[in-house]
Structure formats: C-alpha cells, structure tokens
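Take a look at the structure set out below.
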Amino acid sequence: MPRSTVDRILGLKAVCICGVMGCSLAGMLAGCAEAKPRIDSVTPRITGIDWRGVDVTFDIAVKNPLPIQLRAPGGHYAIEVGNSEIARADDVPPIAVASRSRGIVPLPARFEYTEVLALIRDGQDADEIPYRISGALALEAAGVSVEAPFSHDGELPVLQMPSIEVTGLKQGSVGFGGVHVTVGADLENPNVFAVGVSDLRFELTIAGARVADVKVDAPDGLRAHSKSHIELVAEVAGVDAIASVVTSPGAAEVQLRLRGELGTPFGKVALARE
C-alpha cells in the first residue's frame with residue numbers, strides 16, 4: 001500500500017480516536033463519579049499562632065483519574081465565623097494535576113482573635129473558633145470545563161496564657177547566706193493542645209525581694225486542659241526579706257511570674273504579655 005494512503009488512514013484513525021476520547025472525557029468530567037475529577041478533601045493546616053491570632057492553610061486535594069493532565073486554573077472561596085463572612089477571595093492559585101494523580105491547592109487565611117471572637121457567643125471565654133470554608137474550583141481537561149464545589153466545617157484553637165498559682169511556702173534552714181525556702185505552685189494549661197514549658201523561666205519574688213537563683217522541679221510539658229504541681233527551691237537574701245519569711249511565712253508573701261517561650265505544636269511563642 002502506498003505510503004500516502006497509509007498516512008491518510010492513520011490520520012483518519014487519529015481524528016476518530018481524538019473525537020471519541022473528547023466525548024469520553026466530557027462524559028467523565030460531568031458523569032460517572034469514579035472516573036470524574038473531583039475534590040477529595042479539605043484539610044486545615046495551622047502554620048503559625050501568636051497572641052493576636054492563628055494562621056492556617058486549607059489544602060484542597062484534587063483527584064485526577066483521567067488518562068490526561070487535568071488543570072485547575074482558578075476558583076473562589078469564602079470563610080465564615082458565627083454566620084458572618086470574614087474573608088472572600090477569587091485569586092485561587094492555579095495548579096496542574098498529572099494523569100491519574102492528585103494535586104493540592106493551598107488557600108491561606110488569617111484569623112484575628114479580636115475580630116472573630118466578637119462574632120461567636122461567649123467569645124471572650126472561647127478556647128476554639130468554629131468556622132466554615134466553602135467555594136469551588138474550576139477543573140479543565142481536553143477543552144472541557146466543570147466547577148467542583150467544596151466545603152468544610154472545623155475549629156481553630158485560641159492561644160491562651162498558662163496560669164500559675166502559689167499554693168504554699170515552706171521555710172528551710174537559715175544560714176549566713178539567707179533562708180532556704182521551697183515554694184509550691186500549680187501550673188495550668190488552659191489550651192486545647194499540649195504545651196511545652198521547658199523554655200519557661202519562673203521569676204520569683206518573696207516578701208518584695210527578687211530571688212535570683214531558683215531551681216525548678218517542673219515537667220517538660222503539659223497536656224491539654226491539665227494542671228501540674230511544681231516546686232521551686234530558692235535562697236532568700238536580704239535582712240527585710242529574711243525577717244518576713246522567718247516571722248510570717250505564707251503564700252501571700254510570694255509572687256511568681258512566667259517569662260521565656262511557650263512551646264506549642266505550631267511553634268514557640270514568646271510570652272509577650274509581660
């Protein structure tokens with residue numbers, strides 16, 4: 001068979017195959033759920049937290065079961081807290097998803113506590129922020145385009161300061177350097193996540209005298225909504241301080257302040273509320 005005839009036959013076959021595939025892809029985009037490109041999941045990922053708010057990225061997972069590349073050229077989304085919209089965007093970053101693969105569209109957002117806590121009931125005492133994110137992505141393949149909606153409801157943590165309460169003061173031996181004392185205290189974590197306290201410093205004042213050398217028996221971390229008893233051993237110097245500790249030892253004479261950094265699952269946070 002002449003080569004020109006072969007080329008024409010192959011060309012006709014290619015056109016037929018492309019035409020059939022185009023119809024098939026159009027059907028896949030709009031039809032059968034198993035073969036249809038879709039949004040698999042919406043996963044929130046906290047990227048930072050501080051005393052003013054929390055940063056989160058919503059990872060929108062796009063599944064492509066097609067035998068060709070899928071494009072997600074854009075989309076739109078909105079975020080609500082307490083039935084009030086706090087953010088809306090139409091600048092969704094585009095991605096390309098390889099054949100029979102999965103891709104992620106990241107949507108970053110910032111939740112400012114002063115704004116969002118005012119939108120929920122009992123917001124000032126809330127330890128979590130309920131939210132809803134909803135929107136849609138455009139999905140394109142072989143010249144066919146569909147809109148894939150998504151939504152997700154969840155909660156984000158409100159960072160709260162650990163509290164410390166003095167429970168007792170025990171006087172030890174009296175020497176030339178001063179009075180040895182042991183201060184008992186309860187350290188409480190009010191957060192919905194565990195915190196690390198190994199980078200905290202405990203500033204101890206007894207009877208108005210600042211105690212410089214303090215040894216602390218404390219855990220490395222506290223579970224969510226938990227309390228731990230700690231002990232601080234110190235030597236109190238200064239005539240007035242020694243006299244006060246010796247004559248009227250009690251928790252009322254003790255002040256404890258936290259300094260340093262608080263460990264969180266999302267990074268360390270300086271105790272800026274000093």
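Residue numbers count from 1 along this sequence.
Screening residues 64-86 for salt bridge (Lys or Arg N to Asp or Glu O under 4.0 Å) gives Arg71-Glu140, Glu85-Arg88 as the qualifying pairs, with residues at least two apart or on separate chains. Annotation: salt bridge (Lys or Arg N to Asp or Glu O under 4.0 Å) contacts involving residues 90-108, sequence neighbours excluded, comprise Asp40-Arg102.
Thr47 pairs by the side chain to side chain contact (heavy atoms under 4.5 Å, CB included) definition with Arg45, Asp55, Thr57, not counting sequence neighbours. When the side chain to side chain contact (heavy atoms under 4.5 Å, CB included) test is applied to Ser228, the partners found at least two apart in sequence or on another chain are Pro219, Leu222. Ser198 pairs by the side chain to side chain contact (heavy atoms under 4.5 Å, CB included) definition with Asp220, not counting sequence neighbours. Under the rule for a side chain to side chain donor-acceptor pair (under 3.5 Å), the partners of Asn189 that lie at least two apart in sequence or sit in another chain are Asn191. The ring-ring contact (aromatic ring centres under 6.0 Å, His included) test applied to Phe58 returns Tyr131, not counting sequence neighbours. Contacts of His225 classified as side chain to side chain donor-acceptor pair (under 3.5 Å), with partners at least two apart in sequence or in another chain: Asp127. Under the side chain to side chain donor-acceptor pair (under 3.5 Å) criterion, Glu115 pairs with no residue, sequence neighbours left out. Partners of Phe266 by ring-ring contact (aromatic ring centres under 6.0 Å, His included), not counting sequence neighbours, listed by chain and number: Phe193. For Glu203, the side chain to side chain donor-acceptor pair (under 3.5 Å) partners are Arg210, not counting sequence neighbours. Scanning for side chain to side chain contact (heavy atoms under 4.5 Å, CB included) contacts around Arg223 gives Ser226, with sequence neighbours left out.
Annotation for Ala98 and Asn64: closest pair O-ND2, 3.0 Å, computed over non-hydrogen atoms.
Interatomic distance, CG of Leu256 versus CG of Asp186, reported as 11.0 Å (0.5 Å rounding).
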